[in-house]
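Atom set for the values below is all heavy atoms of this structure, side chains included, hydrogens, waters and symmetry mates excluded.
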Amino acid sequence: MICLLLYLLIILLSQRAHMERVERNTDCTWRCSEGLQCKPKPYSPLSLSYCKNQPVRSAVFDNVMLSTVLGCEGRKCSLQLKIATSVNVTGNIRGISVCVDSAGMMGHCQIYNFGHGARENFTGKQADVQLKCVPVRPGQHVFVTLKTVPNYCKAIRMQRYVVPGCNHKDFRDNISECITGKMNYTVDKARREITVTVTDAPVNTDYNLRLCHKRNVICAGEGIHKTIKPQDLQNSITFQYSKALPCLCIEGWPARVDARRVQACPFRKDFEELWSGIAYDPNKEELIWEPLCPIKASVSLCHAEGENSCRDLGDVFYSEGQKVIFSSVDPHPMLCTKFTTEVGTWIKCPFIKGNFSVWSVTLKSKHGQRWAEILSWVKANFSFSLCETKPFSTCKPTKKITTQTLVDKMRYTTFNLSRGACEMCVCMQVQRVDVQFSVPVLKCDLECSNWCRDPERSYYGKFEKIIVPAAVFLTVLLAAAFITKMTIKDGNKKTLWKKLSEQ
């Protein structure tokens with residue numbers, strides 16, 4: 001069964017490959033079935049402009065086949081339309097006319113008469129006729145009209161045909177208007193240079209090269225283009241680029257009207273530069289990302305909690321090349337942007353470099369009193385929470401204090417800490433709450449005992465208060481038991497000796 005399926009697959013692939021081949025034409029002669037004697041005659045539109053209503057017993061034209069053939073003279077090739085049909089010959093039909101029309105081209109019409117003696121021999125029979133060498137262009141829409149001579153109203157056949165485009169392999173290599181040339185390039189990332197050479201370009205034609213940004217189908221120019229003369233095609237051309245963007249492409253085309261263009265994009269898999277276009281507007285408190293390439297991506301803000309961890313802050317935006325704006329954002333080094341595409345995920349923290357923070361908090365102590373001072377460069381609202389740190393865990397709020405306070409612009413605000421703050425490993429968590437996107441700031445530099453500064457030592461310190469007294473108590477208990485046992489043993493020995501001496 002498997003062998004049969006493979007055999008059928010091979011047959012289908014071979015038939016498809018055969019169908020994709022373009023026939024080579026070497027003869028432009030109009031051909032008819034042997035003995036019909038087709039003779040060309042000048043076309044007269046007036047004689048065929050009106051049709052006769054004489055009834056026709058059956059369809060005259062059967063199996064009209066239209067196809068494209070390749071006509072070559074040396075290395076110069078052109079496209080031609082091949083027309084093949086079957087004609088039911090009757091005594092009233094002296095010949096046929098063929099017209100090929102298309103927008104933007106002159107109509108190609110021709111009349112072919114059947115010989116008188118041959119027509120009588122073919123009356124009531126079906127004859128095959130074939131015409132080649134009608135010039136067409138890649139991608140052209142043509143209309144073929146077949147009529148009888150004389151022209152009978154019910155004996156007409158019209159058919160539409162689309163010539164294959166330049167994406168056909170045989171056309172790309174042989175038809176001059178389809179030849180775009182091939183580009184080879186090398187990239188020097190250190191110098192930010194792209195060096196391009198062109199091969200297989202059209203002969204005797206200047207060739208244009210440029211850098212462009214590709215957006216969907218259109219490639220918008222990046223600087224002026226450079227022209228290579230035919231005699232200099234073996235030389236290379238060097239371009240400078242500023243950013244290695246996935247939509248930055250090299251575009252080349254022959255210097256002629258409506259020439260097809262070809263692009264090559266050296267950085268199509270490089271996304272790193274896309275995430276650099278992040279801007280922050282401090283007046284509007286907006287974080288803005290405008291993609292330099294039309295890429296599909298989901299964008300969100302997150303709180304960086306480690307090298308590879310970033311906790312989402314909600315509100316995911318989906319971009320297909322449009323600008324993304326996050327409103328009401330508090331700039332902080334740990335507030336980051338997460339970009340996700342079908343290729344992967346990237347995390348960028350735009351505030352990690354530079355002085356973007358608009359507020360700061362410090363912990364202070366004096367004469368046993370401890371307090372926090374917060375200074376803001378904008379009028380903002382903050383939440384203060386005390387939390388207890390435990391080994392291998394995040395800071396969890398205690399039952400002690402959670403409060404909010406409004407801080408005026410350019411003024412200090414203090415928050416007092418209780419005297420018992422050092423009885424456990426306590427930290428202060430401060431977060432701005434008058435914005436939509438912010439991250440908490442944790443302050444743990446209280447001037448407390450050393451064991452509280454080290455979470456692991458603090459963790460084991462709690463056990464010391466229990467284990468040490470228990471160990472002392474157990475030691476005393478064991479010693480008392482041992483002494484009691486020894487006392488009982490000595491008493492028994494004395495009693496035994498007394499009994500023996502009495503005997």
Requested in this report: Go through the steps for Cys336 and Cys302 under the test disulfide (SG to SG under 2.5 Å), then give the verdict.
Outcome: CA-CA 5 Å; Cys336 305; Cys302 62; 5.2 Å; no
Query - Parallel, tilted or perpendicular: ring planes of Trp275 versus Trp346, cut at 30 and 60 degrees - result: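 If you compare the ring of Trp275 with that of Trp346, the planes turn out tilted.
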Side chain [X], main chain [Y], donor-acceptor under 3.5 Å:
X	Y	answer
Gln436	Val433	no
Asp312	Gly314	no
Arg172	Ile179	no
Ser438	Asp330	no
Tyr280	Phe351	no
Thr205	Val203	yes

Should [X] and [Y] count as side-chain neighbours, where that means a heavy-atom distance under 4.5 Å?
X	Y	answer
Ile288	Ile278	no
Ile237	Ile228	yes
Thr68	Phe171	yes
Val144	Leu81	yes
Ser298	Phe339	no
Ser383	Gln429	no
Ile374	Phe382	yes
Thr341	Ile295	yes

Would you compute the distance between atom [atom1] of [X] and atom [atom2] of [Y] and round it to the nearest 0.5 angstrom?
X	Y	atom1	atom2	result
Arg215	Leu292	CZ	CG	7.5 Å
Leu209	Ile194	CG	CD1	11.5 Å
Leu287	Leu301	CG	CG	6.0 Å
Phe239	Leu211	CZ	CG	5.0 Å
Ile83	Gln159	CD1	CD	10.0 Å
Leu233	Asp200	CG	CG	10.5 Å

Query raised in the report: Where do Lys182 and Val262 land on the side chain to side chain contact (heavy atoms under 4.5 Å, CB included) test, with the steps shown first?
Result: CA-CA 8 Å; Lys182 297 178 181 178; Val262 62; over 6 Å; no
Query - Ring centres under 6.0 angstrom apart (Trp289, Phe317) - result: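 Aromatic pair excluded; centres sit 6.0 Å or further apart.
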Query raised in the report: Does Tyr207 have its ring centroid less than 6.0 Å away from the ring centroid of Trp253?
Result: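 They do not qualify: ring centres at least 6.0 Å apart.
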When you look at [atom1] of [X], are more than 12 heavy atoms from neighbouring residues, nucleotides or ligands closer to it than 6.0 Å?
X	atom1	result
Glu73	CD	no
Arg256	CZ	yes
Lys226	NZ	yes

Query raised in the report: Between Tyr318 and Lys296, is there a cation-pi geometry (under 6.0 Å to ring centre, at most 45° from the normal)?
Result: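 No cation-pi geometry.
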With a cut-off of 3.5 Å and sequence neighbours excluded, list every side-chain donor-acceptor pair involving residues 240-252.
| from | atom 1 | to | atom 2 | distance (Å) |
| --- | --- | --- | --- | --- |
| Gln240 | NE2 | Arg191 | O | 3.4 |
| Gln240 | NE2 | Arg192 | O | 3.4 |
| Glu251 | OE1 | Arg210 | NE | 2.8 |
| Glu251 | OE1 | Arg210 | NH2 | 2.7 |
| Glu251 | OE1 | Arg261 | NH1 | 3.4 |
| Glu251 | OE2 | Gln263 | NE2 | 2.6 |

Over all heavy atoms of both residues, which pair between [X] and [Y] is shortest? Give the atoms and the distance, please.
X	Y	answer
Ser327	Glu286	OG-OE2, 3.8 Å
Ser300	Phe326	CA-CZ, 3.9 Å
Ser319	Pro291	OG-CG, 4.0 Å
Leu70	Ile175	CD1-CD1, 3.5 Å
Val435	Ser328	CA-OG, 3.1 Å
Leu79	Arg137	CD1-C, 4.1 Å

Report task. Starting from the C-alpha separation in whole Å, work towards a yes-or-no answer on side chain to side chain contact (heavy atoms under 4.5 Å, CB included) for Val196 and Asn184. Result -> CA-CA 6 Å; Val196 188; Asn184 302 304; over 6 Å; no
**Report entry** Residues Lys348, Glu272; criterion salt bridge (Lys or Arg N to Asp or Glu O under 4.0 Å); working and verdict
**Finding:** CA-CA 10 Å; Lys348 297 295 178 180; Glu272 194 67 25; 2.3 Å; yes
**Report entry** Criterion side chain to side chain contact (heavy atoms under 4.5 Å, CB included) on Asp315 and Phe437, from CA distance to verdict
**Finding:** CA-CA 10 Å; Asp315 288 353; Phe437 300 99; 3.7 Å; yes
When you compare the side chains of [X] and [Y], does any donor N or O come within less than 3.5 Å of an acceptor on the partner?
X	Y	result
Ser67	Tyr161	no
Asp206	Thr227	no
Ser102	Gln140	yes

Report task. Apply the test side chain to side chain contact (heavy atoms under 4.5 Å, CB included) to residues Leu375 and Trp359: give CA-CA distance (whole Å), side-chain angles for both, the deciding distance (0.1 Å), then the verdict. Result -> CA-CA 6 Å; Leu375 173 64; Trp359 60 277; over 6 Å; no
**Report entry** Pairing of Arg432 and Glu285 as salt bridge, 4.0 angstrom limit
**Finding:**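 Answer for the salt bridge query: yes.
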